[in-house]
Amino acid sequence: MFKTKISKVLGVVLTAAMVLSMFAVATPVAAANQDWSKVSLPGSGATGGYVVSAPGARFDNIGILEWNADKTAVYATAEYDGVASVFKSTDAGRTWKMLTIPTVTGNIIYDFVASSVNANELYFTDGREIFTSKDGGATWNNLSNVFTWAVANTWTTPPVSGTNLIVTLDIGYAGANKYVFAGTAQFGTVGTGNGVFMCQETAFGMPWSDLAIDTQRATPWAAGCSVWDVVVDPTDFAVRQGVMAVATAAGNTVITAKYFGNQWNQTATCDDTQVQMDNTTPITDVLHAELWLPSDFSSSLTSGKFQAWLAIQTLGGHGDVYLWYGSANSVTTPKTIDLNVRGIGTETEVTDIDGIGGVADAKLIIGGYDIAVDNIPMVLNSSDRLTFSANSKRPTGAESTWGLSVATVTVLAMADYNTSGKALAGTAGWDCGVSYTADFGKTWNTISMMRQLINSVENIAGSLFVVTNDFYHQSVWRIVNGVTERVFSSSLIGGPFNQLDVQVSPAGDAVFIADLNGVNIWRSLDNGQIFTKQISDIIAASGTDINSWFVSNANTILVGGSDVVYQTSTNGVLWFARPCVIGTITSFAVSTDGSVLVAAGSDSTISKSVDGGVTWSTATAPTTVTSSVPVVTFQNGSNSVVYLTGDSGHVYKYDFAATTPAWKELGTATPVTDFDWAATSAVVNGVGIFSGIASGGSVLYVLDTNAVADGLSRFTMVGTTSYAGSVATPGTAVGTKLIGIAAPGANMLYGIFGAELYVYTDKMAVPVANVQITKITTTSLTVTWDALNVDNSNIEVMYYVYITDAATGAKVAYMTTSAFTSDGTTVGTSFKINDLDVDTVYQVSVWAVDPVMSFVGTASVSTQPDRPDYTVNLMPTNGAINIPIKPVFAWDSVATAVSYDLILSTDPTFADATKVLATKSLTTNYWAYDGTLTNSTSYYWRVRINTANSTSEWFPAVFTTVKADAAPVEVNNPPAITLTVPQAETPVYIWLIVAVGAILTLAVIVLIVRTRRVV
């Protein structure tokens, strides 16, 4: 049903309203990897979605939350900048748009309702006028004025505008006819001018009718009445014309109804039902009433579904939730039951009720306050429609400023509330806002329309909790997957506070909030939903305030003192003072595996503990860090290597596991031009330090308050060498806080700069990938690699390539072509190196060096040996003819060769494997074909050299065999061929004899032929 289910009045008299604070959802801007990107914290105004208040224009008195017909939009009434306003949300109340509405007389919107059939049709009243919109709130028109109509039509005892206030509206449909119902009341009394009035909106002139709730009954209410709620029958109004109302008259508050145009209180259809506190005491001091009807409501007396739930707020502590049965005889059958939502004798003023479901399965949610503590809002829920459970973490808010010094709560169930437990609540007064629950109202987080500013960001922790300051209030926000919710407010503390701080346990299983310079610590085991204060605070152990503190695990907390660490391993049940003689303790860190703790102190020394902080080692030697607040961290993945920074101290490394542990300052070498350097860190005043995950070494980040231009120093460490770079500060503000989230290949950093929060995603803590060598020649090669993907089109990554001789380690080439800048960097992903030595092994290294330095990608390669050419005494020579069909192949030996490859084929391209006659890998520089070739045929052969380093290019040649019937030809002596015979191989000697014998035999045959030739 679309009758307004939220507080319509939330106040008794018309008074000037205070400014309203509205919370807008905060969504981090997509992180610009390798560059700082601003995290969009909750904002105010149109562009900020009205999440928090704007300076000088605060929210107050959130009065009504209402769905439109198809539940695509939520509408809210509230005060903003002291003016009654209407807002619209299309994301379930996380951000809002302020609507332009007519001037609201008296600055209170008493009721706001949405059509049940038209998603864009809306109505609201300021108690005097009724306004309607047919376009979703973009434009508004006046409905016919009931007060003017009454006077013009000389009604008997007409209602008087400003005295009889319209406090309730509803809309009924009968075919094409549309009817608007209004109920009027006088706060604190009754009057004869009040009643239920009906306007036929679709009729000419929008005529009003007085439904005479006070006189059209068997026993008239002579003194008049006040009508607090009016509801049309949601299921069969078109047939039965049923109208129900909650009214105070004749010393009672009753639920009354009329059907078929008959008078009120008809026994045949539904007689009056008296509402009694504890089912005995009549209620006469109603301030607000809300009748909630289930989805399968039926006004048939025999249906078993003629029932509803009534929420009442009074002036005298008589409020509660009542179950109403629309039976036929109120004398014999009690038709309202006081459900005593918080127990008999504990009265609860209920300012609103909502729910989802039918008579038998509805789940209800109510908002209100305890009459004993009337300035604290509360929410209760019911799954059985009879008993209610209180919230364990309430919405923030306080007393309304509409002239009623009590807390008021309005609730709105989401469409799937009965299964998801999701609902909204609006509150009034100090620290009011729209809050959200996903557990049936047990815990609430504020999400929008907050009466709070964000003047500064104080601290950050985990992934991601943020502490902000409002001068008056401080808040802890949780940002998860782009959704921001306020999970803690200093207004919930209930006492004085100083400065809130937040930490998340290294395992992520607990969130803690501490009051710095105070003594209190709160813990949450459900990711910030519920925070519980420790049983005993630090004062039990020390009598001192919290200065530095550290969460080691879900139960172990350390607090720094002077030469002492206050430690609890029971979350504050027991605190102990543990000696740690390093001066005033300023910082703590825990190893990745949780086995080792370190503490840093003002003496510029550190101490470690391997038993959870119970005992601490003797202090190390001091560094040059002079700050009273040095900060320390472990190297990611290590339980022995730590890093320290602070004022005037640069950055230091210490390894407890070293043979002789000692401090080593990082980045002290002077840079030179050829990249053989470890640049100075330039850290002057380190205030934050974090060690991330890296592939190829380790990476360290240090935030420096003295470096405005380059506020984040980044150390890429490989072995004992550290390479320092920097990341420019966003804007002009210096950084004051740094935390990190370690992830393989994409460490994420959060930093506070001024009053803003920024995020930096480092995707370059990896080696340059897929370094390969192509196009290798005797004196050149081409290096290729995969571009580092930083997911940021605004970042142009630059690379550095250099080559060293593998045998000597000497650098022989780097960035020598015009494709690279003069300092040896390139934005490409390939690079050709020339002028190298023949047959030499080189080590190729590729780094990304801008915007920050990656880890090195490497490849090892050799240039090619010189290949054979036409001067190497080939046999057969290239192009030779009349070659015997059992040839011998030979060539000059190469001193560096370890083998030779030879291929013989009838295919000049050597591509057709079926035409290959022989493939040989030889350790000699000759080979005799062991088959018989075909006469008068061209054959192709090629040879190449294999050295210990590489392989030369192929050298091809071709020859043609002798004709089968050719006359003997004169054979000239071949050129001298140098044959190298390995001493250790017997076959070499044999083949030498064979070769010489073959030549001599051929010579003899030629001579015989020539001597017998006829002249």
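All of these numbers come straight from a predicted model, not from anything done at the bench. All heavy atoms count here, side chains included; hydrogens, waters and symmetry mates do not.
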Roughly how far apart are [X] [atom1] and [Y] [atom2], rounded to 0.5 Å?
X	Y	atom1	atom2	answer
L412	K422	CG	NZ	14.0 Å
L380	T348	CG	OG1	6.5 Å
N68	N120	CG	CG	7.5 Å
Q186	C225	CD	SG	9.5 Å
D370	N375	CG	CG	10.5 Å
R523	N571	CZ	CG	4.0 Å

Donor-acceptor pair, side chain of [X] and main chain of [Y], under 3.5 angstrom:
X	Y	value
D439	K442	yes
E349	T314	yes
H288	T351	yes
W309	R385	yes
T132	L122	yes
N391	P395	no
T284	G251	no
E121	A119	no
D296	V359	yes
T184	G195	yes

Quiz item: Taking all atoms of both residues into account, what is the closest heavy-atom pair of I109 and S85, and its distance?
Solution: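 Shortest heavy-atom separation between I109 and S85 comes out as CD1-O, 3.9 Å.
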Any side-chain donor paired with an acceptor under 3.5 Å for [X] and [Y]?
X	Y	answer
D272	T256	yes
T248	T253	yes
S298	S300	no
T401	N61	yes
T72	D70	yes
T336	D338	no
T396	R486	yes
T419	D416	no

Does any non-hydrogen side-chain atom of [Y] lie less than 4.5 Å from one of [X]?
X	Y	value
M414	L424	yes
K393	N445	yes
Q529	R478	yes
E485	W444	no
F197	I166	no
Y417	N381	yes
M378	V409	no
V74	W96	yes

Quiz item: Is there a side chain to side chain donor-acceptor pair (under 3.5 Å) between T125 and D111 once you walk through the steps?
Solution: CA-CA 6 Å; T125 179; D111 200 5; over 6 Å; no
Quiz prompt | Test log, rule ring-ring contact (aromatic ring centres under 6.0 Å, His included), inputs W228 and F187 | solution = CA-CA 10 Å; W228 304 109; F187 293 103; 5.6 Å; yes
Exercise. Decide if the gap between the ring center of Y173 and the ring center of Y179 is smaller than 6.0 angstrom.
Key: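 No, ring centres 6.0 Å or more apart.
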Practice problem: Begin from the C-alpha positions of L211 and F181 and carry the test side chain to side chain contact (heavy atoms under 4.5 Å, CB included) through to its verdict. | Solution: CA-CA 10 Å; L211 300 188; F181 295 85; 3.8 Å; yes
Quiz item: Can you list the steps and then say if F260 with R240 is a side chain to side chain contact (heavy atoms under 4.5 Å, CB included)?
Solution: CA-CA 5 Å; F260 301 110; R240 299 169 63 88; 3.8 Å; yes
Quiz item: Mind checking whether F488 and F531 have parallel, tilted or perpendicular rings, split at 30° and 60°?
Solution: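 Rings of F488 and F531: perpendicular, over 60°.
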Exercise. Begin with the C-alpha distance, continue with both residues' side-chain angles, and end with the deciding distance and a verdict on side chain to side chain contact (heavy atoms under 4.5 Å, CB included) for D320 and M277.
Key: CA-CA 8 Å; D320 218 312; M277 185 184 72; over 6 Å; no
Exercise. Using a cut-off of 6.0 Å, state whether more than 12 heavy atoms not belonging to I535 lie near its atom CD1.
Key: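 No.
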Quiz prompt | Verdict with reasoning, V243 to W264, per side chain to side chain contact (heavy atoms under 4.5 Å, CB included) | solution = CA-CA 9 Å; V243 182; W264 300 85; 4.0 Å; yes
Exercise. Please name the residue in the list Y123, W67, F112, F87 that meets the ring pair (Phe, Tyr, Trp, His ring centres under 6.0 Å) test with Y75.
Key: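 It is F112, the one option of Y123, W67, F112, F87 that forms the ring pair (Phe, Tyr, Trp, His ring centres under 6.0 Å) with Y75.
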